[in-house]
Amino acid sequence: MKKILLGLSAMLLICAAQGLKAQSYRTAGGLFIDFGNGATLVGPHVKHFINPTGAIQGMVLFGDGLTALGVEYSYNEAVRNAPGLLWNIGVGPQAAFGNGNTDFLVRPALGIEYKVPNAPIDFGFDWRPAWQLTHGSDFEAGRFGIAFRYVFH
């Protein structure tokens, strides 16, 4: 895990130093899967760029008797000499409802995304640790996300 994080961090630093343009679309929506240690959650989500490097994302996820609502802001940059490939870093709040509890979390994210050239399809993979702020204040590092999106424009 440390090697993966070190590799992603190195990629982020290299790309940030090159100052590349990011977005290749404006709005996309589809299916998001949040998995890792604990329950797997699946549901719809939308990502919308508000400027060339900044995007907001919203999702509603379901699984294991839970419903989670989340929003996120992410900074996105293109990977040099790799058309359609972006790296991103972001953070946002999430609320989880179920089992008689409501939990509030902070969800940072570090990932990559690929927009298929000449096709309205986009894929993403993120490392998404979770800091639970209620009911015992817990940190879970082993969480990941996979996104399958249709690009609207």
Side-chain angles (χ1 to χ4, degrees), residues 1-13 15-16 22-79 84-116 120-153:
M1 182 66 151
K2 289 182 183 180
K3 289 180 182 180
I4 292 171
L5 293 177
L6 185 58
L8 283 173
S9 298
M11 181 180 76
L12 290 175
L13 291 174
C15 293
Q23 85 183 47
S24 60
Y25 66 89
R26 181 105 169 134
T27 305
L31 183 71
F32 193 87
I33 303 168
D34 185 309
F35 66 97
N37 293 340
T40 296
L41 305 172
V42 178
H45 78 113
V46 174
K47 183 173 183 176
H48 177 75
F49 279 88
I50 55 176
N51 61 48
T53 57
I56 54 174
Q57 181 170 244
M59 61 195 71
V60 181
L61 304 173
F62 306 95
D64 198 29
L66 297 173
T67 300
L69 303 172
V71 294
E72 175 184 299
Y73 172 82
S74 64
Y75 177 81
N76 301 259
E77 279 287 339
V79 175
L85 188 62
L86 303 175
W87 63 267
N88 58 64
I89 188 167
V91 68
Q94 190 172 56
F97 308 95
N99 302 324
N101 291 322
T102 300
D103 293 314
F104 295 97
L105 303 99
V106 173
R107 300 293 304 265
L110 174 66
I112 58 172
E113 174 179 330
Y114 180 67
K115 162 61 177 78
V116 177
I121 300 169
D122 180 73
F123 303 98
F125 177 77
D126 299 321
W127 173 52
R128 303 176 52 78
W131 275 291
Q132 183 176 326
L133 303 175
T134 53
H135 300 103
S137 252
D138 192 20
F139 175 74
E140 180 58 59
R143 298 296 299 174
F144 302 91
I146 296 177
F148 301 96
R149 293 184 276 255
Y150 175 81
V151 175
F152 297 109
H153 58 84

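Atoms considered below: every heavy atom in the structure, side chains included; atoms not considered: hydrogens, waters and symmetry mates.
- Here the CD1 atom belonging to Ile33 is positioned 12.0 Å from the CE atom belonging to Met59, to the nearest 0.5 angstrom.
- Contact of the Leu61 side chain with the Thr67 side chain is not registered, since no non-hydrogen atoms from C-beta on lie closer than 4.5 Å.
- Remark: Phe49 CZ to Ile56 CD1 distance equals 11.0 Å, nearest 0.5 Å.
- Using a distance-only test at 3.5 Å, with no hydrogens or angles considered, a donor-acceptor pair links the side chain of Arg143 to the main chain of Asp34.
- Using modelled atom types, no side-chain atom of Trp127 and backbone atom of Gly142 make a donor-acceptor pair closer than 3.5 Å.
- No donor-acceptor pair under 3.5 Å is formed between the side chain of Arg149 and the backbone N or O of Ala28.
- Between Phe144 and Asp126 the shortest side-chain heavy-atom distance does not fall below 4.5 Å.
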Subject >> Evaluation steps, side chain to side chain contact (heavy atoms under 4.5 Å, CB included), between Leu69 and Gln94 >> reply: CA-CA 6 Å; Leu69 303 172; Gln94 190 172 56; 6.0 Å; no
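- Side-chain contact check for Ile121 versus Phe148: every heavy-atom pair is 4.5 Å or farther apart.
- The existence of a salt bridge linking Glu140 and Arg107 is excluded, since no basic side-chain nitrogen approaches an acidic carboxylate oxygen closer than 4.0 Å.
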**OP:** Kindly indicate, with the supporting measurements, whether the criterion side chain to side chain contact (heavy atoms under 4.5 Å, CB included) is fulfilled by Val79 and Leu86.
**Re:** CA-CA 5 Å; Val79 175; Leu86 303 175; 5.9 Å; no
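- Residues Pro108 and Trp131 share a closest heavy-atom pair of CG-CZ3, 3.4 Å.
- For residues 38-50, the pairs satisfying side chain to side chain donor-acceptor pair (under 3.5 Å) are Thr27-His48, His45-Gln57, Lys47-Asn76, Lys47-Glu113, with sequence neighbours left out.
- Under the 6.0 Å cut-off for aromatic ring centres, Phe152 and Tyr150 qualify, their centroids lying closer than that.
- With sequence neighbours excluded, the residues that form a side-chain hydrogen bond (donor to acceptor under 3.5 Å, both in side chains) with Thr134 are Asp103.
- Scanning both residues, Pro44 and Phe62, for their nearest heavy atoms gives CD-CE1, 4.4 Å.
- With values rounded to the nearest 0.5 angstrom, Thr53 atom OG1 is found 4.5 Å from Asn51 atom CG.
- The shortest heavy-atom contact between Ala109 and Arg128 is CB-NH1, 3.8 Å.
- Considering every non-hydrogen atom in both Ala39 and Asp64, the closest pair reads CB-CB, 3.5 Å.
- Under the 4.5 Å side-chain criterion, counting only non-hydrogen atoms from C-beta, Pro93 is not in contact with Phe104.
- Using a 4.5 Å heavy-atom threshold, the side chains of Ile146 and Phe35 count as touching.
- To the nearest 0.5 Å, atom CD1 of residue Ile112 and atom CZ of residue Phe123 are 12.0 Å apart.
- Two residues are said to be in side-chain contact when any heavy atoms from C-beta on lie closer than 4.5 Å; Asp122 and Val116 fail this criterion.
- By the 4.5 Å heavy-atom criterion applied to side chains, Tyr73 and Ile50 are counted as neighbours.
- Residues Leu105 and Ala130 come closest through the heavy atom pair CD2-CB, 3.8 Å.
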